[in-house]
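The residues of the chain are indexed from 1 along the displayed sequence.
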Amino acid sequence: MPTPRKRSNSLSIFIPVSILSDVPSLVEKTIKVGQIARAASIFRVERIVIYRSAKSDSREDGFLIRDLLSYAETPQYLKKKEFPISDSLRYVGMMPPLRTPHHPLESTKIDYREGYVLKSNKSGSSVDIGFRDPIFYKGSLPFNRRVTMRLDSASGSWAPVQRDDVPYYWGYSVSLENKTLLQALEAYRPLVDSIVATSRVGKLATSVAPRIRELMLPGQKMALLFGSPAEGVHEIIARDGAKLDDLADLVINTAPEQGTATIRTEEAVLITLATLESINSTV
């Protein structure tokens with residue numbers, strides 16, 4: 001199977017801390033967040049932003065979502081280095097592996113790898129990139145930090161590169177914002193070209209397919225907004241005195257005639273990303 005390339009456009013998803021408000025146990029919370037991590041990775045999401053949908057949102061749940069998403073995104077050979085033993089990560093073994101290009105096996109042949117700097121001084125750096133033995137880089141790198149490394153095929157040596165320079169899908173970033181959705185969107189507005197919200201009362205996604213394709217042209221950066229188990233995006237935005245229809249370029253329904261009373265956020269994320277991908281790939 002070819003190594004998945006990064007998207008020609010960019011997708012960011014905004015999810016509320018309150019996605020965990022309807023599940024009581026740590027096991028259920030871990031599984032729920034794992035499903036979001038998996039859906040985001042399948043459709044090559046670039047950024048996941050966690051926002052505060054109400055003042056009553058649990059701070060602990062916010063930290064938990066951030067830590068679980070970050071843990072899932074971290075290559076398997078770096079998890080123990082980046083995440084010390086913690087009660088909140090007790091059930092991470094129940095999360096599905098992402099199997100993205102930056103989670104390679106030792107035998108996987110790929111010119112880029114995520115690494116962790118084990119030692120660093122003026123003479124060079126020792127970096128764990130998932131091989132049996134660490135690789136050596138002649139330059140000095142930040143100690144105890146994660147780095148992206150690239151193989152020079154001519155010399156056979158590894159050197160650091162910017163993560164954005166990797167041509168493959170290289171996972172998502174996670175941002176926990178102590179902000180309302182409106183405040184978070186204002187902060188990220190310079191980084192997105194369009195805002196698309198999901199809602200049961202939105203327009204049928206297939207009915208606005210041409211507009212969706214315009215918003216997903218190469219180079220475009222889209223933010224996808226998701227609500228909570230108790231409230232939709234309309235209600236969450238209205239609490240800040242704003243109207244969703246004035247804020248979003250599109251408000252879409254990706255699950256028409258749903259057979260269930262509600263759709264969970266992790267289900268909405270998967271359904272919406274799949275719908276947009278299908279629409280964008282249809283000529």
Side-chain angles (χ1 to χ4, degrees), residues 1-13 34 36-48 66-86 89 92-93 95-175 191 218-221 273 277 281:
M1 176 181 172
T3 304
R5 311 286 290 188
K6 65 171 57 176
R7 299 186 66 92
S8 62
N9 48 38
S10 170
L11 286 177
S12 299
I13 63 175
I36 292 175
R38 180 75 178 171
S41 299
I42 289 172
F43 294 102
R44 296 174 292 165
V45 166
E46 181 179 285
R47 181 184 297 109
I48 303 178
R66 179 199 63 188
D67 292 347
L68 289 172
L69 286 173
S70 298
Y71 183 92
E73 187 277 333
T74 301
Q76 64 278 13
Y77 53 88
L78 299 183
K79 291 183 188 295
K80 289 184 178 180
K81 293 180 175 64
E82 291 219 62
F83 295 89
I85 295 175
S86 166
L89 301 179
V92 290
M95 300 173 76
L98 300 189
R99 297 298 304 274
T100 48
H102 71 311
H103 287 204
L105 303 175
E106 183 175 355
S107 59
T108 303
K109 296 187 181 300
I110 186 170
D111 291 343
Y112 296 84
R113 280 181 176 263
E114 287 295 280
Y116 193 83
V117 182
L118 304 174
K119 297 179 181 178
S120 183
N121 52 45
K122 293 181 179 180
S123 63
S125 304
S126 176
V127 186
D128 180 358
I129 60 171
F131 293 158
R132 182 172 301 177
D133 299 310
I135 57 99
F136 179 77
Y137 170 64
K138 291 183 179 180
S140 177
L141 295 172
F143 176 58
N144 275 356
R145 293 283 298 275
R146 182 170 156 179
V147 293
T148 303
M149 305 293 289
R150 179 182 181 275
L151 176 65
D152 184 323
S153 55
S155 65
S157 60
W158 293 83
V161 294
Q162 293 296 317
R163 182 168 175 160
D164 290 345
D165 293 335
V166 180
Y168 308 115
Y169 175 62
W170 217 242
Y172 52 77
S173 64
V174 182
S175 299
L191 302 178
Q220 291 295 299
K221 300 176 181 180
L273 291 173
E277 191 74 9
S281 61

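Applying the salt bridge (charged side-chain N to carboxylate O under 4.0 Å, His left out) criterion to Lys79, with sequence neighbours excluded, gives no partner residue. Annotation: side chain to side chain donor-acceptor pair (under 3.5 Å) contacts of Ser157 (sequence neighbours excluded): Ser155.
Considering only heavy atoms from C-beta on, Lys81 comes within 4.5 Å of Leu118 through its side chain. Residues Pro167 and Arg5 meet the side-chain proximity criterion, which asks for heavy atoms closer than 4.5 Å. When side chains are defined from C-beta on, Ile110 counts as touching Tyr168, because their heavy atoms get closer than 4.5 Å. In this structure the side chain of Tyr169 reaches within 4.5 angstrom of the side chain of Ser41, judged on heavy atoms. Within the 4.5 Å cutoff, no side-chain heavy atoms of Ser120 are placed close to those of Pro142. You'll find the side chain of Asn144 reaches within 4.5 Å of the side chain of Tyr116, heavy atoms only. Looking only at side-chain heavy atoms (C-beta outward), Pro104 and Tyr77 come within less than 4.5 Å of each other. Looking at Ser70 and Phe83, their side chains come closer than 4.5 Å, going by heavy atoms from C-beta outward.
Interatomic distance, CG of Leu78 versus CD1 of Ile129, reported as 10.0 Å (0.5 Å rounding). Here the CE-OH distance, from Met149 to Tyr137, works out to 7.0 Å after rounding to the nearest 0.5 Å. Taking CD1 of Ile13 as the reference point, atom CD1 of Ile48 lies at 4.5 Å (rounded to 0.5 Å). Between the NZ atom of Lys221 and the OG atom of Ser10 there is a distance of 6.5 Å, given to the nearest 0.5 Å. We find the OG-CZ distance between Ser125 and Phe136 to be 7.0 Å, quoted to the nearest 0.5 Å.
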Take Val127 and Trp158 through the test side chain to side chain contact (heavy atoms under 4.5 Å, CB included) and record every step on the way to the result. CA-CA 10 Å; Val127 186; Trp158 293 83; over 6 Å; no
Taking it one step at a time, do Ile42 and Leu273 satisfy side chain to side chain contact (heavy atoms under 4.5 Å, CB included)? CA-CA 9 Å; Ile42 289 172; Leu273 291 173; over 6 Å; no
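Residue Glu106 qualifies as enclosed at atom CD: its count of foreign heavy atoms under 6.0 Å is above 12.
Sorted by first and then second residue, the salt bridge (charged side-chain N to carboxylate O under 4.0 Å, His left out) pairs involving residues 139-167 (not counting sequence neighbours) are Glu73-Arg146, Glu73-Arg163, Glu82-Arg146, Glu114-Arg146.
Here the side chain of Arg38 pairs a donor or acceptor atom with the backbone of Leu98 at under 3.5 angstrom. Side chain of Ser173 to backbone of Arg47: no donor-acceptor contact under 3.5 angstrom is found. Checked by atom type and distance alone, the side chain of Arg7 pairs as donor or acceptor with a backbone atom of Phe43 at under 3.5 Å. Without hydrogens or angle criteria, Tyr172 side chain to Leu69 main chain gives a donor-acceptor distance under 3.5 Å.
The nearest pair of heavy atoms linking Val92 to Leu89 is CG2-O, 3.2 Å.
Aromatic ring pairs are classed by plane angle as parallel below 30°, tilted from 30° to 60° and perpendicular above 60°; the pair His102 and Trp170 is tilted.
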